[in-house]
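Throughout, numbering of the chain's residues begins at 1 and tracks the sequence. All heavy atoms count here, side chains included; hydrogens, waters and symmetry mates do not. Order of appearance sets the numbers: ligands from 1, and atoms from 1 within every ligand.
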Amino acid sequence: MKKKYLNSRRAFIRTSATGLIGASLISAASPAPFLYRRKKEKLGIALIGLGYYSTDLLAPALQETEHVKLTGIVTGTPEKEKIWSEKYNIPEKNIYNYENFDDIANNQDIDIVYVVLPNSMHKEFTIRGANAGKHVICEKPMAMNAVECREMIDACNKNGVLLSIGYRLHYDPYNIEAMRLGQEKVFGNVLHISCGAAFRNTSTEHWKLQRSMGGGSMMDMGVYPLQAARYVTGEEPVSVTAQSYTMRESCKDIEEAVNFQLTFPGGTIANLSTGFHAGFNYLLVSAERGRFELQPYSGYRGIKGKTSNGELSFPKMNQQAAHMDDFALSVRDGQPVRVPGEEGLKDMIVVDAAYKAMKNNCAVSL
Ligand code: NAD
C-alpha cells in the first residue's frame with residue numbers, strides 16, 4: 001500500500017506535460033495484455049448517462065484530451081440524442097439507449113464506456129459494458145456495496161477489460177502532494193486528519209435523496225473524505241464509528257449529514273464529515289513535526305494548499321481530462337490503471353461498515 005501516490009505523480013506528469021510521455025515513464029515490467037494490435041491515435045469513449053456530470057464536466061473535458069475522444073453516447077432521453085450528436089458530431093450509429101446498449105459490442109469506434117448513471121445502476125452497466133468487451137470507467141461511489149464491487153471487478157477480469165473508478169483527485173497535483181507528504185512522512189507520522197466535504201443540497205426529488213437509487217450524503221460526498229484519509233495515510237482503516245443526522249423532510253429517506261471516525265494501523269485518527277446540509281470543504285493534517293492542509297481540497301478547480309513550510313502552488317489542469325487520458329494510455333499501452341476497481345471496493349468496504357456503525361451506534365472493526 002505504501003507510496004501508491006507515485007503512479008499518480010507519473011500520471012500527472014504524463015498528462016500535464018506534452019512531450020514527457022517517454023519510455024522512462026513506462027515500466028518495462030508493466031503487463032500488456034490489452035495492447036491493441038494496431039494502435040489508434042485516439043481511443044473512442046462513450047458516455048452512459050447524460051446528466052449533470054457528463055454534460056458539464058466530462059464532455060467538455062473530452063475536448064481537451066490527447067489520447068481519447070468522445071465517439072458515442074448512451075441515453076434514455078431521445079431529445080438528448082439530437083442535441084449531443086449535433087454538438088459533438090456523434091454519428092447515429094454510435095448512439096445507444098439502455099435497451100440496445102449491448103449492441104455496442106459490435107462498434108469499433110468505441111473502446112471505453114464511462115458509466116455516469118445513478119449509483120444503483122453502476123453495477124449493471126459496468127457488467128454489461130465489460131461483457132460487450134469494452135473497457136470501463138465507472139463513477140464514484142463504485143456501487144451500492146462491496147458485494148456489487150466484487151461482481152464488477154470479476155466481470156471485467158473475466159472479459160479481459162480494464163476498470164477504473166472516477167476518483168479524479170488522484171490526478172490533482174495538490175492532492176497528489178498531500179499523498180506524498182503523508183505517505184513519505186515528510187512531517188513525521190500523521191497523527192490526525194480532519195476532513196470534510198459537503199454541500200447544501202436543495203433539491204427535493206433527485207435520486208440522490210432516494211436510498212434505493214444509491215442516494216445519501218455518505219455515498220455522494222462521504223467517499224471524498226474517506227478517500228483522503230486513506231490516501232494521506234496510505235493505509236486501510238481498522239475501525240469505524242459513524243453518526244448520521246437527518247433534519248429536513250426532503251432527506252427523510254437518506255442520511256442528510258454524517259460524522260465518521262476512522263482509526264488506522266499506524267495510529268492515525270481521522271475525523272471526517274459529509275452532508276447535504278451545509279457547504280464545507282477542507283483537509284487538515286497534523287503530523288509529528290508539522291502540518292499540511294488543502295482548502296478547498298476536492299473541487300474541480302481552485303484547490304489551495306499550504307504546509308508548515310509555506311504555500312503550495314501547482315499549475316492549473318483538468319482533472320477529468322487527465323484521468324480519461326491516463327486510462328486511455330493504460331488501455332492502449334498496457335500500463336497499470338492508476339485508480340482501479342479495487343480502489344472503489346476498498347472504499348465501499350468502509351462505507352458498508354460506516355452504515356452498520358450508524359445503524360447500531362457502535363464501533364465496527366474492519
Ligand atoms: P444526474 O442526475 O445529473 O444524471 C444522471 C443521469 O442518469 C441522467 O441523465 C438521467 O437521465 C440518467 N438516468 C437513467 N436512469 C435513471 C433513473 N432511473 N433515475 C434517474 N436518472 C436516471 O447525476 P450526476 O450528478 O451526473 O451523477 C451521475 C454519477 O456521477 C453519479 O454516480 C455521481 O456520484 C457521479 N458524479 C461524480 C462526480 C465527480 O466529481 N467524480 C461529480 C458529480 C457526479
Side-chain angles (χ1 to χ4, degrees), residues 45-62 72-81 83-84 95-101 113-126 128-129 136-145 148-149 152 163-172 175 197-199 201-228 231 253-254 274 276 281 296-303 317-324 326-327 338-339 341 343-344 347-348 351:
I45 194 167
L47 297 175
I48 313 176
L50 307 179
Y52 157 70
Y53 196 55
S54 285
T55 305
D56 286 18
L57 280 307
L58 296 177
L62 282 161
I73 49 172
V74 183
T75 177
T77 314
E79 305 85 73
K80 290 183 186 170
E81 295 182 8
I83 296 168
W84 279 68
I95 300 176
Y96 296 87
N97 57 44
Y98 303 127
E99 285 72 45
N100 67 15
F101 168 62
V113 294
Y114 195 148
V115 182
V116 204
L117 290 163
N119 304 332
S120 58
M121 300 170 77
H122 288 186
K123 179 184 108 169
E124 177 189 340
F125 280 85
T126 294
R128 285 172 70 181
V136 183
I137 306 177
C138 176
E139 258 314 316
K140 49 56 56 179
M142 182 169 170
M144 298 291 275
N145 51 50
E148 288 195 356
C149 296
M152 293 156 76
L163 172 62
S164 181
I165 307 304
Y167 284 132
R168 55 189 165 73
L169 295 178
H170 286 251
Y171 294 88
D172 165 65
N175 279 273
F199 72 100
N201 187 337
T202 53
S203 51
T204 49
E205 304 223 326
H206 196 259
W207 63 264
K208 288 185 184 180
L209 304 174
Q210 295 166 25
R211 187 167 302 284
S212 62
M213 297 293 292
S217 62
M218 185 72 204
M219 296 285 274
D220 191 45
M221 296 297 284
V223 290
Y224 287 105
L226 165 54
Q227 272 275 300
Y231 58 61
D253 195 35
I254 48 134
T274 192
F276 286 158
N281 198 278
Y297 91 100
S298 71
Y300 304 133
R301 57 189 77 86
I303 295 175
M317 49 85 68
N318 184 313
Q319 299 163 5
Q320 289 85 2
H323 180 202
M324 291 187 280
D326 191 50
F327 186 67
R338 169 56 198 147
V339 196
E343 190 62 25
D347 278 347
M348 287 314 295
V351 170

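- Within the model, atoms CE of M348 and CG of N119 stand 8.5 Å from one another, a figure rounded to the nearest 0.5 Å.
- Taking each of V115, L57, N119, I165 in turn, the one with a heavy atom nearest to atom 31 (C) of ligand 1 proves to be N119.
- A pairwise comparison of heavy atoms in Y224 and Y297 identifies C-OH, 3.2 Å as the closest pair.
- In plain terms, the two heavy atoms of M144 and S120 that are nearest each other are SD-CA, 3.6 Å.
- The two atoms that bring Q319 and R168 nearest to each other are OE1-NH1, 2.7 Å, heavy atoms only.
- For ligand 1, none of its N or O atoms has an N or O atom of P141 under 3.5 Å away.
- Nearest protein heavy-atom neighbour of atom 19 (N) of ligand 1: M213 CE, 3.4 Å.
- A pairwise comparison of heavy atoms in Q210 and D253 identifies CA-OD2, 3.4 Å as the closest pair.
- The cationic atom of R128 (NZ for Lys, CZ for Arg) lies less than 6.0 Å from the six-membered ring centre of F125 and within 45° of the ring axis.
- For L50, every heavy-atom contact with ligand 1 shorter than 4.0 Å involves the backbone, none the side chain.
- Of all atoms in ligand 1, numbered sequentially from 1 with element shown, those under 4.0 Å from a heavy atom of L117 are 7 (O), 14 (C), 28 (C), 29 (C), 31 (C), 32 (O).
- For atom 37 (C) of ligand 1, the closest non-hydrogen atom on the protein side is E139 OE1, 3.0 Å.
- In this structure, A197 and S298 approach most closely via the heavy-atom pair CB-OG, 4.3 Å.
- Using bins of under 30°, 30° to 60° and over 60° for the plane-to-plane angle, the ring pair Y52/Y300 lands in the tilted bin.
- What sits closest to atom 9 (O) of ligand 1 on the protein, heavy atoms only, is G51 N, 3.0 Å.
- Considering each of H122, H206, M142, K208, the one bringing a non-hydrogen atom nearest atom 25 (O) of ligand 1 is K208.
- Inclusion of Y53 in the set of residues having an N or O under 3.5 Å from an N or O of ligand 1 is warranted.
- Among protein heavy atoms, the minimum distance from atom 21 (N) of ligand 1 is reached at P118 CG, 3.4 Å.
- Given atom 14 (C) of ligand 1, the protein heavy atom at minimum distance is Y98 OH, 3.4 Å.
- Nearest protein heavy-atom neighbour of atom 11 (O) of ligand 1: K80 NZ, 4.0 Å.
- Among all protein heavy atoms, the one lying closest to atom 27 (O) of ligand 1 is W207 CZ2, 3.8 Å.
- Atoms CG and CD, from L57 and Q320 in turn, are 4.5 Å apart once rounded to the nearest 0.5 Å.
- Of all the atoms in ligand 1, the ones that sit under 4.0 Å from a non-hydrogen atom of G166 are 41 (N).
- The distance from atom CG of L169 to atom OH of Y231, rounded to the nearest 0.5 Å, is 4.5 Å.
- Considering backbone and side-chain atoms alike, Y224 places an N or O below 3.5 Å from some N or O of ligand 1.
- With rounding to the nearest 0.5 angstrom, the OG1 atom of T274 is 12.0 Å from the CE atom of M219.
- Residue-level proximity to ligand 1 for Y52 is carried by backbone and side chain together, each with a heavy atom below 4.0 angstrom.
- In K140, the parts holding a heavy atom less than 4.0 Å from any atom of ligand 1 are both the side chain and the backbone.
- With a 4.0 Å heavy-atom cut-off, ligand 1 is reached by the side chain of Y300 but not by its N, CA, C or O.
- Taken from NZ in K208 to CD1 in I254, the straight-line distance is 11.0 Å, to the nearest 0.5 Å.
- Checking only distances, R168 does come within under 3.5 Å of ligand 1, N or O to N or O.
- Closest protein heavy atom to atom 16 (C) of ligand 1: M121 SD, 3.8 Å.
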